[in-house]
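Beneath this line is the structure, given in structure tokens, with notes to follow.
Keep in mind it's a predicted model, so treat the numbers as computed, not measured.
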Amino acid sequence: MWITLVLLVAAGIAFVATSRAGYETAPYRLIQKEGRFEIRLYETLVLVSTPMNGGAQNKSFGRLFGYISGANEKKQKIAMTTPVFMPANEENEPQEMQFVVPFQVAADGAPNPNDPAVKKVTMSGGKYAVLSYTGYSSAEDRKKKLGELQAKITALGLTSNGTAIYAGYDPPWTPGPARRNEVLLKLN
């Protein structure tokens, strides 16, 4: 009985962890890696963005999902990508939710959104310090992980500018231990 339960849980976690493998991921070049810390070089990315209005993730996700489902000027269906970016405000709480537009769609000219609450934006290219972590990303977790990232940046003699960008890679039903989250800071 226990062995069956353990095998089912392990299979479920493996399925969820590999389910994100089918999505295009925002491209970057890895410059440095040390455990959960990385320095990445991103090119400028085209994104679609919507306000989170006090942390209302479900409505934000729904608006962006509508865009990729065809609620755009071309009625074009657009593939889901990873991660979902959530830029923070000065208090380091997520204020927007953003989907990365797939490379080819961006190159061909991403269609304009029909919903006035959804905007096409860019994430500026450059070097970003990144700290990966697992679990459900609560406000307390985000604050702690951002502090760890800032401490690592300082220890390496680097400086960052701007506010944090949080990133999530998994659907909401993914169990905490299998979830992939990140906090990013752009380096000077």
Side-chain angles (χ1 to χ4, degrees), residues 16-18 20-21 23-55 57 60-61 64 80-107 110 119-172 174-188:
V16 170
T18 59
R20 70 175 86 101
Y23 297 113
E24 180 179 325
T25 297
Y28 61 85
R29 185 168 54 91
L30 185 62
I31 295 173
Q32 180 180 341
K33 181 171 178 57
E34 184 180 314
R36 297 176 299 118
F37 172 80
E38 296 179 352
I39 296 177
R40 300 175 182 168
L41 179 63
Y42 282 94
E43 298 296 323
T44 298
L45 298 173
V46 175
L47 312 165
V48 287
S49 182
T50 193
M52 289 180 66
N53 299 336
Q57 291 186 14
S60 303
F61 187 90
L64 296 175
M80 182 72 190
T81 58
T82 62
V84 173
F85 286 119
M86 292 166 282
N89 60 15
E90 296 300 322
E91 291 80 38
N92 288 308
E93 281 303 312
Q95 290 299 290
E96 294 177 60
M97 182 176 284
Q98 301 174 329
F99 285 4
V100 178
V101 175
F103 175 80
Q104 194 57 55
V105 175
K119 306 283 184 219
K120 282 193 311 186
V121 298
T122 58
M123 181 175 117
S124 62
K127 289 183 184 179
Y128 286 80
V130 180
L131 183 71
S132 298
Y133 59 101
T134 60
Y136 291 99
S137 191
S138 67
E140 185 177 312
D141 293 331
R142 289 189 298 270
K143 182 178 180 180
K144 179 181 175 187
K145 298 306 178 185
L146 176 58
E148 289 177 27
L149 180 59
Q150 290 167 325
K152 183 66 174 178
I153 290 169
T154 300
L156 291 172
L158 303 170
T159 57
S160 65
N161 60 16
T163 55
I165 301 171
Y166 299 100
Y169 286 79
D170 301 291
T174 304
R179 297 181 75 79
R180 177 182 172 191
N181 303 297
E182 296 173 344
V183 58
L184 298 83
L185 284 170
K186 189 168 186 189
L187 297 173
N188 292 326

task: Mind listing the closest non-hydrogen atom pair of Val84 and Met80 along with its distance?
output: CG2-CE, 4.0 Å
All pairs passing ring pair (Phe, Tyr, Trp, His ring centres under 6.0 Å) where residues 81-104 contributes a residue, at least two apart: Phe61-Phe99
message: I need the Thr159 OG1 to Ile153 CD1 distance, nearest 0.5 Å.
response: 8.5 Å
query: Any idea which heavy atoms bring Leu184 and Ala167 closest together, and the distance?
result: CD1-CB, 4.0 Å
- prompt: Considering residues at least two apart in sequence or located in another chain, which fulfil the side chain to side chain donor-acceptor pair (under 3.5 Å) criterion with Ser124?
  reply: Lys186
query: Any sub-3.5 Å donor-acceptor pair from Arg142's side-chain atoms to Glu93's backbone N or O?
result: no
- request: Take Arg36 and Glu148 through the side chain to side chain contact (heavy atoms under 4.5 Å, CB included) test and state the conclusion after the steps.
  value: CA-CA 11 Å; Arg36 297 176 299 118; Glu148 289 177 27; 3.2 Å; yes
query: Between Tyr169 and Thr25, does a side chain to side chain contact (heavy atoms under 4.5 Å, CB included) hold up when you go through it step by step?
result: CA-CA 9 Å; Tyr169 286 79; Thr25 297; 4.2 Å; yes
query: Would a 4.5 Å heavy-atom cut-off, applied to side chains only, mark Met123 and Tyr128 as touching?
result: yes
query: Given Leu185, which of Leu131, Asn161, Leu146 fulfils the side chain to side chain contact (heavy atoms under 4.5 Å, CB included) condition?
result: Leu146
task: Please report the closest heavy-atom contact between Val183 and Lys145, naming both atoms and the distance.
output: CG1-O, 3.9 Å
message: If you compare all heavy atoms of Gly168 against all heavy atoms of Met86, which two are closest, and at what distance to 0.1 Å?
response: N-CE, 4.2 Å
Validation row: Glu34, Lys152 side chains within 4.5 angstrom (heavy atoms): yes
- prompt: How long is the gap from CD on Glu90 to CD on Gln95, to the nearest 0.5 Å?
  reply: 10.0 Å
- prompt: With Glu140, which residues qualify under salt bridge (charged side-chain N to carboxylate O under 4.0 Å, His left out), at least two apart?
  reply: none
query: Pick one: which of Thr82, Thr81, Val100 meets side chain to side chain contact (heavy atoms under 4.5 Å, CB included) with Tyr23?
result: Thr82
Interatomic spacing from NZ in Lys127 to CG in Leu158 - rounded to 0.5 Å: 8.5 Å
task: Measure the spacing between CD1 of Ile39 and OH of Tyr28 and express it to the nearest 0.5 Å.
output: 13.0 Å
task: Quick one: pull up OH in Tyr133 and CD in Glu182 and give me the separation to the nearest 0.5 Å.
output: 9.0 Å
task: For Thr174 and Pro171, work out which heavy atoms get closest and say how close.
output: OG1-O, 2.9 Å
message: For Ala106 versus Val101, what's the shortest heavy-atom pair and its separation?
response: N-CG1, 3.7 Å
task: Would you sort out whether Asp141 and Asn181 count as a side chain to side chain contact (heavy atoms under 4.5 Å, CB included), showing the intermediate values?
output: CA-CA 10 Å; Asp141 293 331; Asn181 303 297; over 6 Å; no
message: Between Asp170 and Arg180, does the side chain to side chain contact (heavy atoms under 4.5 Å, CB included) criterion hold? Intermediate values first, please.
response: CA-CA 7 Å; Asp170 301 291; Arg180 177 182 172 191; 3.8 Å; yes
query: Who are the salt bridge (charged side-chain N to carboxylate O under 4.0 Å, His left out) partners of Lys33, not counting sequence neighbours?
result: Glu38
task: Return the set of residues passing ring pair (Phe, Tyr, Trp, His ring centres under 6.0 Å) with Phe37 (not counting sequence neighbours), or none when no residue passes.
output: none
Pair up each side-chain donor or acceptor in residues 42-52 with any protein partner under 3.5 Å, not counting sequence neighbours, and list the distances.
from  : atom 1 : to     : atom 2 : distance (Å)
Tyr42 : OH     : Arg40  : NH1    : 2.9
Thr44 : OG1    : Gly125 : N      : 3.3
Ser49 : OG     : Glu96  : OE1    : 2.4
Ser49 : OG     : Gln98  : NE2    : 3.4
Thr50 : OG1    : Arg63  : NE     : 2.7
Thr50 : OG1    : Arg63  : NH2    : 3.2
Thr50 : OG1    : Ala117 : O      : 2.7

